[in-house]
Protein chains: 2
Amino acid sequence: MLQPSGLEWTDPECPVARAADLVGDKWTLLIIRDSLDGKRRFSEFEKSLGVAKNILSDRLRLLVDRGLLARIPNQSGTRSQYELTDAGRDLFTLILSLRQWGERNAFTAGESHSVLIDPSTGQPVPEVRPLSADGQELGPDQALLVKVGQPLPEAAR
Amino acid sequence: MLQPSGLEWTDPECPVARAADLVGDKWTLLIIRDSLDGKRRFSEFEKSLGVAKNILSDRLRLLVDRGLLARIPNQSGTRSQYELTDAGRDLFTLILSLRQWGERNAFTAGESHSVLIDPSTGQPVPEVRPLSADGQELGPDQALLVKVGQPLPEAAR
DNA sequence: CCGTATCCATTCCGATACTG
DNA sequence: CAGTATCGGAATGGATACGG
């Protein structure tokens, strides 16, 4: 489990809130995006993001501390590499959701954007969609939040 | 399209970055979470989030300006309601991805958390997973980022 | 109950300079 | 190249006070 030092959960019993505490930050999300795209080095992130060095340094340190990146020092003691851990790689679904929401909602018809391709088909990756167990699309109105401590609804037992 | 006033894109051609500019903030994500859970009123958000009033007021204004929430004023001029727009409701997949990543990676085996139930089955909502067009699971190593301006790989044409 | 306004401490962030 | 250190302005965030 991710065990960040000195982090107080905003809402300890909600997984959305814990996730937001860990990765709910613009630079953090973009570093993960770049990591999933194969970037490893400080300068690669710096060039890609155009972020100040101290901020990049801070976010990389946080990501390592939170268990999303592993810092691999070089033999010469410098030029470390930052590789995704399993928990970090598991953010692929989240970043893809972000990307596809952005494609649907943050571009006009005429604007172009980068695309994520599935090499096995050569086509853009299909949209991620929540599905019910029977394969039906599941929307926000069909889902029900159950708080901890509350008994599950009859049908769930 | 979402047209926020006075917002400079961090990386205009990347949908992940545009999405992060719009919703890549802890309080914003948690307000969306609550909205998807049916919350509508200032005091509901305030009680749920424990956030300072000025911050909540600021984030609600931003979310309305960015087209994710609609402010519905009451007849008496006060007690507005904040309802999700279509673009806001479309964040369901993202919030669900956040939730499920948090469940997998931010809790130990013994800790309990809130659960999202699909009423049609009574069971927790199945995990959202990226799929290839042929129905195979798609991981980060099988996906390829194509920048704008670059020609698509042969197979994609 | 629904906010807005103000004060204050803290953090964020960019720019720059500096070290190995 | 890979950072750390520092400075200053801007934004964040909590607390409280205040009006509709």
Side-chain angles (χ1 to χ4, degrees), chain A residues 4-12 17 20-35 38-66 69-83, chain B residues 4-12 17 20-35 38-66 69-83:
Chain A
S5 60
L7 193 156
E8 288 296 302
W9 300 122
T10 300
D11 186 352
D21 284 335
L22 290 167
V23 300
D25 166 82
K26 186 181 78 168
W27 294 124
T28 300
L29 290 168
L30 295 181
I31 289 171
I32 298 290
R33 175 200 67 174
D34 281 355
S35 298
K39 296 191 174 60
R40 299 276 155 89
R41 301 244 294 270
F42 192 93
S43 60
E44 291 182 288
F45 295 116
E46 188 183 9
K47 181 202 257 186
S48 166
L49 302 175
V51 64
K53 290 177 158 205
N54 53 348
I55 302 297
L56 177 56
S57 178
D58 177 71
R59 292 304 194 282
L60 288 173
R61 195 165 350 97
L62 285 175
L63 282 168
V64 169
D65 179 63
R66 293 170 180 184
L69 290 180
R71 179 175 186 157
I72 318 279
N74 200 6
Q75 297 83 330
S76 57
T78 179
R79 297 176 217 219
S80 299
Q81 309 234 112
Y82 298 88
E83 301 195 351
Chain B
S5 61
L7 193 155
E8 288 296 301
W9 299 123
T10 300
D11 185 351
D21 284 334
L22 291 167
V23 300
D25 166 82
K26 187 181 77 169
W27 294 124
T28 299
L29 291 167
L30 295 182
I31 289 171
I32 298 290
R33 174 199 67 176
D34 281 355
S35 298
K39 296 190 174 60
R40 299 275 155 90
R41 301 245 292 272
F42 192 93
S43 59
E44 290 182 288
F45 295 116
E46 188 184 9
K47 182 203 257 188
S48 166
L49 302 175
V51 64
K53 289 177 161 204
N54 53 349
I55 302 297
L56 176 57
S57 178
D58 177 72
R59 292 304 195 283
L60 288 174
R61 194 167 350 98
L62 285 175
L63 282 167
V64 170
D65 179 62
R66 293 171 181 184
L69 290 180
R71 180 175 184 157
I72 318 279
N74 200 6
Q75 296 83 330
S76 58
T78 179
R79 296 178 216 217
S80 299
Q81 309 235 114
Y82 297 88
E83 300 195 353

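Here is how names work: the chains are called A, B, and so on, in the same order as the sequence lines, proteins then strands, and each is numbered from 1.
Rounded to whole Å, atom P of D/dA2 lies 14 Å from atom NZ of A/K39. Atom CG of A/L62 is separated from atom C1' of D/dG3 by 16 Å (rounded to the nearest Å). Nucleotide C/dC12 holds its C1' atom 9 Å from the CG atom of A/D58, rounded to whole Å. The distance between atom CZ of B/R61 and atom P of C/dC2, rounded to the nearest whole Å, is 17 Å. The separation between A/E8 atom CD and D/dG14 atom C1' is 16 Å, rounded to whole Å. The interatomic distance linking B/I31 (CD1) with D/dG13 (P) rounds to 10 Å, in whole Å. If you measure from atom CG of B/L49 to atom C1' of D/dG13, you get 13 Å, rounded to the nearest angstrom. One atom, CG of B/L60, and another, C1' of C/dC1, lie 15 Å apart when rounded to the nearest Å.
Between B/I31 and B/L69 there is a side-chain heavy-atom pair separated by less than 4.5 Å. Between A/L7 and A/L22 there is a side-chain heavy-atom pair separated by less than 4.5 Å.
Proximity of A/R40 to the phosphate of D/dA2: no side-chain N or O atom is located under 4.0 Å from OP1 or OP2. The phosphate of C/dC2 (OP1 or OP2) has a side-chain N or O of B/R41 nearer than 4.0 angstrom. Of the side-chain N and O atoms in B/R79, none sit less than 4.0 angstrom from OP1 or OP2 of C/dG3. Contact annotation: B/Y82 side-chain N/O to C/dG3 OP1/OP2 distance is under 4.0 Å. Proximity of A/S80 to the phosphate of D/dA2: no side-chain N or O atom is located under 4.0 Å from OP1 or OP2.
A search for side chain to side chain contact (heavy atoms under 4.5 Å, CB included) contacts involving A/D25 returns A/W27, A/T28, A/R59, not counting sequence neighbours. With sequence neighbours excluded, the residues satisfying salt bridge (charged side-chain N to carboxylate O under 4.0 Å, His left out) with B/R61 are B/D58. With sequence neighbours excluded, no residue satisfies salt bridge (charged side-chain N to carboxylate O under 4.0 Å, His left out) with B/D34. For B/K53, the side chain to side chain contact (heavy atoms under 4.5 Å, CB included) partners are B/F42, B/E46, not counting sequence neighbours. Under the rule for a salt bridge (charged side-chain N to carboxylate O under 4.0 Å, His left out), the partners of B/E83 that lie at least two apart in sequence or sit in another chain are B/R40. For A/R41, there are no side-chain hydrogen bond (donor to acceptor under 3.5 Å, both in side chains) partners two or more places apart in sequence or in a different chain.
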Enumerate the protein-to-nucleotides 13-20 of chain C contacts in which both atoms are nitrogen or oxygen and the separation is below 3.5 Å.
residue : atom : partner : partner atom : Å
C/dC13  : OP2  : A/R59   : NH2          : 2.3
C/dG14  : OP2  : A/A52   : N            : 3.4
C/dG14  : O6   : A/N54   : ND2          : 2.9
C/dA15  : N6   : A/N54   : ND2          : 3.1

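Counting any heavy atom pair closer than 4.0 Å across all strands shown, B/F45 reaches no nucleic acid atom.
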Problem - Dot-bracket encoding of pairs in DNA chain C, which uses [ ] for pseudoknotted crossings and | for another strand, Watson-Crick or G-U under 3.5 angstrom - result: |.||||||||||||||||||

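Donor-acceptor pairing under 3.5 Å is lacking for the side chains of A/S48 and A/K39.
Relative to the side chain of B/S57, the nucleotides C/dG3, D/dC1, D/dG3 differ in distance, and C/dG3 lies closest.
Between the side chain of A/R79 and the main chain of A/N74, no donor-acceptor pair closer than 3.5 Å is present.
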